[in-house]
Engineer: 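One structure follows; several queries about it will come next.
Residue numbers run from 1 in the order of the sequence given. Fair warning: this is a prediction, and the values are worked out from it, not measured in the lab.
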Amino acid sequence: MNRPNPLARATQPLVAFVRRRIEWARTEGRSVGASAVEWVIISAIVAALVAGIGVAISKALDTKKDSVTSCIDKASKDTSC
């Protein structure tokens, strides 16, 4: 009696699934890669904007910190800001 390999029987659904996914990628999924590239570009633009805004806020805070520091120094010398 010739019995089928139990491992082969267990992996048949997985093999069929992988084959369907490969076929889908070859036919319909060609624009999926382009979409991923677009998301990478959009993410890079957003990251650059966030970094630029962060630098601007940091510079504004440093300027204000210097202004407050000089005001505190003047106040300790009995002069107003």
Engineer: Quick one: name the residues clustered hydrophobically with Ile53, using the 4.5 Å side-chain heavy-atom rule over I, L, V, M, F, W, Y, and just say none if it's on its own.
Structural biologist: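 Other cluster members: Ile57, Leu61.
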Engineer: Please name all residues satisfying side-chain contact (heavy atoms from CB on, under 4.5 Å) with Ser43, sequence neighbours left out, ordered by chain then number.
Structural biologist: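 With neighbours one apart ignored, the set is empty.
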Engineer: Run Lys59 and Asp62 through side chain to side chain contact (heavy atoms under 4.5 Å, CB included) and show every step you take.
Structural biologist: CA-CA 5 Å; Lys59 286 183 180 181; Asp62 283 341; 5.6 Å; no
